[in-house]
Amino acid sequence: MPNMTTPSCPFCELAAADIVVENVFHVVIRDRFPVAAGHSLIIPRRHVASLFELTAQEFSALHELLHITREQLEAQYQPAGYNIGVNVGAAAGQTVFHLHVHVIPRYAGDCADPRGGVRWVMPGKAVYWD
């Protein structure tokens with residue numbers, strides 16, 4: 001894949017057939033271990049570990065692909081909502097140190113109580129309304 005140069009990185013060795021949409025700076029693939037139908041990853045072509053390493057131009061292009069990805073997911077899966085997430089650093093759960101933004105479609109009834117959303121990364125602190 002053009003501009004991806006770290007051979008030991010799984011996101012630097014993507015097959016063209018895995019890419020569902022792309023722009024000059026990023027590609028979108030479906031997650032290989034999805035937590036929901038349509039779970040997608042937006043991945044920079046340039047090997048960077050963190051969202052904070054993107055240039056302004058790369059960040060803008062990521063934002064553009066986020067909207068395009070949503071449009072595709074709406075057309076194909078009609079989700080009721082989304083969780084958008086990025087793990088930055090080992091303490092935040094990052095295990096592949098090539099930036100990837102999770103776009104996770106959510107469906108009515110896919111969990112007992114979705115309140116708190118991304119707060120569930122810290123289960124003991126997710127429920128703040130009691």
Side-chain angles (χ1 to χ4, degrees):
M1 190 155 124
N3 301 323
M4 296 185 132
T5 59
T6 307
S8 63
C9 173
F11 295 148
C12 287
E13 299 177 344
L14 295 172
D18 291 334
I19 298 170
V20 294
V21 66
E22 62 187 311
N23 64 22
V24 68
F25 293 109
H26 309 284
V27 299
V28 178
I29 66 169
R30 297 294 184 247
D31 193 289
R32 291 184 181 127
F33 305 98
V35 299
H39 181 173
S40 301
L41 302 176
I42 303 173
I43 304 167
R45 292 179 187 276
R46 184 168 70 92
H47 185 91
V48 295
S50 166
L51 183 69
F52 302 107
E53 295 176 53
L54 295 180
T55 67
Q57 193 175 18
E58 289 169 330
F59 194 87
S60 179
L62 189 145
H63 183 257
E64 172 188 302
L65 271 188
L66 178 60
H67 285 277
I68 292 168
T69 300
R70 179 187 174 272
E71 289 171 6
Q72 288 184 337
L73 294 171
E74 289 288 324
Q76 187 171 1
Y77 297 100
Q78 300 83 45
Y82 293 89
N83 289 112
I84 311 300
V86 181
N87 302 321
V88 179
Q94 187 174 10
T95 56
V96 176
F97 290 88
H98 184 137
L99 170 62
H100 51 289
V101 178
H102 293 263
V103 181
I104 304 172
R106 297 298 305 272
Y107 302 93
D110 66 3
C111 70
D113 186 354
R115 290 183 298 168
V118 298
R119 296 178 62 89
W120 284 100
V121 300
M122 301 288 285
K125 297 180 180 185
V127 178
Y128 61 90
W129 52 86
D130 285 342

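In this text the structure is predicted, and so the values were computed from the model without any measurement.
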K.L.:
Test your reading of the model: is there a side-chain donor-acceptor pair from S60 to the backbone of A56, 3.5 Å cut-off?
P.N.:
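The answer is no, because no donor-acceptor pair under 3.5 Å joins these two groups.
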
K.L.:
Counting N and O atoms only, with roles assigned by atom type, does the side chain of Q72 sit under 3.5 Å from a partner on the main chain of V21, one being a donor and the other an acceptor?
P.N.:
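Not a single qualifying donor-acceptor pair exists.
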
K.L.:
Run the numbers on L73 and R30 for side chain to side chain contact (heavy atoms under 4.5 Å, CB included), then give the verdict.
P.N.:
CA-CA 11 Å; L73 294 171; R30 297 294 184 247; 4.0 Å; yes

K.L.:
Measure from the side-chain N and O atoms of Q78 to the backbone N and O of E74, and report whether any donor-acceptor pair falls under 3.5 Å.
P.N.:
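It does hold such a pair.
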
K.L.:
List the atom of D113, the atom of W120, and the distance in Å for their closest heavy-atom pair.
P.N.:
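Nearest heavy atoms, D113 then W120: O-NE1, 4.4 Å.
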
K.L.:
Where the side chain of Y107 meets the backbone of A37, is there a donor-acceptor pair that is under 3.5 Å apart?
P.N.:
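The answer is yes, because a donor-acceptor pair under 3.5 Å joins these two groups.
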
K.L.:
Please answer: with hydrophobic residues joined when any side-chain heavy atoms are less than 4.5 Å apart, are I68 and I29 in the same cluster?
P.N.:
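Different clusters.
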
K.L.:
What do the steps show when you test L62 against F25 for side chain to side chain contact (heavy atoms under 4.5 Å, CB included), and what is the final call?
P.N.:
CA-CA 8 Å; L62 189 145; F25 293 109; over 6 Å; no

K.L.:
Between L51 and V88, what is the shortest heavy-atom contact and its length?
P.N.:
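Heavy atoms only, the tightest pair is N-CG2, 4.4 Å.
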
K.L.:
Is a side-chain N or O of H102 found less than 3.5 angstrom from the main chain of H39, in a donor-acceptor match?
P.N.:
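No.
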
K.L.:
Linking I/L/V/M/F/W/Y whenever any side-chain heavy atoms sit under 4.5 Å apart, do V86 and V28 land together?
P.N.:
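Yes; tracing contacts between hydrophobic side chains, which count when under 4.5 Å, links both residues.
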
K.L.:
Could you identify which residues cluster with V118, counting Ile, Leu, Val, Met, Phe, Trp and Tyr as linked when any side-chain heavy atoms lie under 4.5 Å apart, either directly or through a chain of such contacts?
P.N.:
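Once heavy-atom contacts under 4.5 Å are chained together, V118 still belongs with nothing else.
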
K.L.:
How close do L54 and P44 get, counting heavy atoms only, and between which atoms?
P.N.:
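Closest heavy-atom pair between L54 and P44: CD2-CG, 4.2 Å.
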
K.L.:
Would F52 and L66 show up in the same hydrophobic cluster when neighbours are defined by side-chain heavy atoms closer than 4.5 Å?
P.N.:
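Per the 4.5 Å side-chain linkage, F52 and L66 are co-clustered.
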
K.L.:
Taking all atoms of both residues into account, what is the closest heavy-atom pair of P79 and P105, and its distance?
P.N.:
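Taking every non-hydrogen atom into account, CB-CB, 3.7 Å.
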
K.L.:
Going through the checks in order, is the side chain to side chain contact (heavy atoms under 4.5 Å, CB included) test met by R106 and C111?
P.N.:
CA-CA 9 Å; R106 297 298 305 272; C111 70; 3.2 Å; yes

K.L.:
Do Y77 and V101 sit in one hydrophobic cluster, given that two such residues count as connected whenever their side-chain heavy atoms are within less than 4.5 Å of each other, even indirectly?
P.N.:
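Yes, because Y77 and V101 connect within a single hydrophobic cluster, where side-chain heavy atoms sit under 4.5 Å apart.
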
K.L.:
For F97, does the CZ atom sit with more than 12 other heavy atoms under 6.0 Å from it, leaving out its own atoms?
P.N.:
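Yes, CZ of F97 has more than 12 neighbouring heavy atoms, counting only those of other groups under 6.0 Å.
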
K.L.:
Rounded to the nearest 0.5 Å, how far apart are CZ of R70 and CG of L65?
P.N.:
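If I round to the nearest 0.5 Å, the distance is 15.0 Å.
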
K.L.:
Check for a donor-acceptor pair, side chain of E22 on one end and backbone N or O of V27 on the other, with a separation under 3.5 Å.
P.N.:
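Between the backbone of V27 and the side chain of E22 there is no qualifying donor-acceptor contact (under 3.5 Å).
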
K.L.:
Rounded to the nearest 0.5 Å, what separates atom CD1 in I84 from atom OG in S40?
P.N.:
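Those atoms lie 9.5 Å apart.
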
K.L.:
Would you compute the distance between atom OG1 of T69 and atom NE2 of H26 and round it to the nearest 0.5 angstrom?
P.N.:
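That separation rounds to 11.0 Å.
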
K.L.:
Within the distance-only criterion (no hydrogens, no angle test), does the side chain of H98 pair as donor or acceptor with the backbone N or O of R45 below 3.5 angstrom?
P.N.:
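A pair under 3.5 Å: no.
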
K.L.:
So, taking the atom named CD1 in I43 and the one named CD1 in I19, what distance separates them when rounded to the nearest 0.5 Å?
P.N.:
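Atom-to-atom, I43:CD1 and I19:CD1 are 8.5 Å apart.
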
K.L.:
So T55 and R46, side chain to side chain contact (heavy atoms under 4.5 Å, CB included) or not? Walk me through it.
P.N.:
CA-CA 11 Å; T55 67; R46 184 168 70 92; 4.2 Å; yes

K.L.:
Find the distance between NE2 (H100) and CG (N87) and round it off to the nearest 0.5 Å.
P.N.:
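That separation rounds to 6.0 Å.
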
K.L.:
Please check this pair: side chain of R115 against backbone of V127, looking for a donor-acceptor N/O pair closer than 3.5 Å.
P.N.:
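It does not hold such a pair.
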
K.L.:
Distance from L41 atom CG to L99 atom CG, nearest 0.5 Å?
P.N.:
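Answer for the CG-CG pair, L41 versus L99, is 10.0 Å.
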
